[in-house]
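Below is one structure, written out as structure tokens, with a few remarks after it.
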Amino acid sequence: MSTRNHFQMQHGSAEAPSSMGLTTRLLLAITVAACFTLTIAVCYIDRAMHLGLIHEHEEMLVDHLSAMRRAVEEDSITLHEAKEILHISIGGDKSEKSYGRLVTTDGTVVEETPGFASSSPPISAFPPPLELNIADVTIQTSTTAQGHPVFIAAARIARQEAGEPLIYYMTTDALPEQHFMRAFRWQLAGVVL
């Protein structure tokens, strides 16, 4: 036996063996690709669900704003019907409390849902009111002074017989959506695992 062969037998081959076999590398590549694809899919589903909930609230507020505008148009002096609408929950689901405040352009409160002040952020946090000819409501997310999540929107309402328009501020409790999304994300994580 030559000295070189004797040395290789004692100290291993001169060439380092491949650290991973082809099968292992292939499985690792497939696993990484699958994890990446699953992550993208889960993020897409999560985002789509969240946007769907936001859109559902926007549609609800569009309907509510339309009803409020009709009520003010029919009786812009006493605002009797508009005041009644304010005291009825905006949404059909009583677990999602909704509040409204109707004010003049100088900020004088005409009518508001009981609990509006404590269940809404300051008026300065609301988005600029939608103009009179715009019907689509775009909601924003905010928090109350107590840190409670809410959806907020604002819109102008024409007051034909009484002159200047009114501004309507709307607040909807966002906590049920937050709880739903948290539970939904846990379920998604379970599916991925």
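Note that the structure is a prediction, hence the values are computed from the model and not measured. As a basis for the values below, the full set of heavy atoms in this structure was taken, side chains included, without hydrogen atoms, waters or symmetry mates.
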State, with a plain yes or no, whether a side-chain heavy atom of Val110 is found less than 4.5 Å away from one of Leu166. yes
Is there a path of hydrophobic side-chain contacts, each under 4.5 Å between heavy atoms of I/L/V/M/F/W/Y residues, joining Val109 to Ile123? yes
Parallel under 30°, tilted from 30 to 60°, perpendicular over 60°: which one fits the rings of Phe126 and Phe116? parallel
Do Leu38 and Met49 share a hydrophobic cluster, counting only Ile, Leu, Val, Met, Phe, Trp and Tyr and linking them when any side-chain heavy atoms are less than 4.5 Å apart? yes
Determine whether Leu132 and Val72 fall in the same hydrophobic cluster, where Ile, Leu, Val, Met, Phe, Trp and Tyr are linked whenever their side-chain heavy atoms lie under 4.5 Å apart. no
Among Ile152, Val137, Thr138, the one residue meeting side-chain contact (heavy atoms from CB on, under 4.5 Å) with Leu61: Val137
Give a yes or no on whether the backbone of Gly100 and the side-chain of Thr113 come within a donor-acceptor separation of less than 3.5 Å. yes
Can you list the steps and then say if Ile45 with Phe184 is a side-chain contact (heavy atoms from CB on, under 4.5 Å)? CA-CA 10 Å; Ile45 291 168; Phe184 180 69; 3.6 Å; yes
Sidechain-backbone polar pair: Arg185 side chain, Phe180 backbone, donor-acceptor under 3.5 Å: no
By the definition side-chain contact (heavy atoms from CB on, under 4.5 Å), identify the one residue from Met170, Glu58, Met60 that meets it with Ile139. Glu58
Determine whether a donor-acceptor pair (N or O, by modelled atom type, separation under 3.5 Å) exists between the side chain of Ser66 and the backbone of Val62. no
To the nearest 0.5 Å, what is the distance between CE (Met68) and NZ (Lys83)? 11.0 Å
Side chains of His50 and Glu177: any donor to acceptor distance under 3.5 Å? no
The complete set of salt bridge (Lys or Arg N to Asp or Glu O under 4.0 Å) pairs with one or both residues in residues 98-113, sequence neighbours excluded, reads Arg101-Glu112
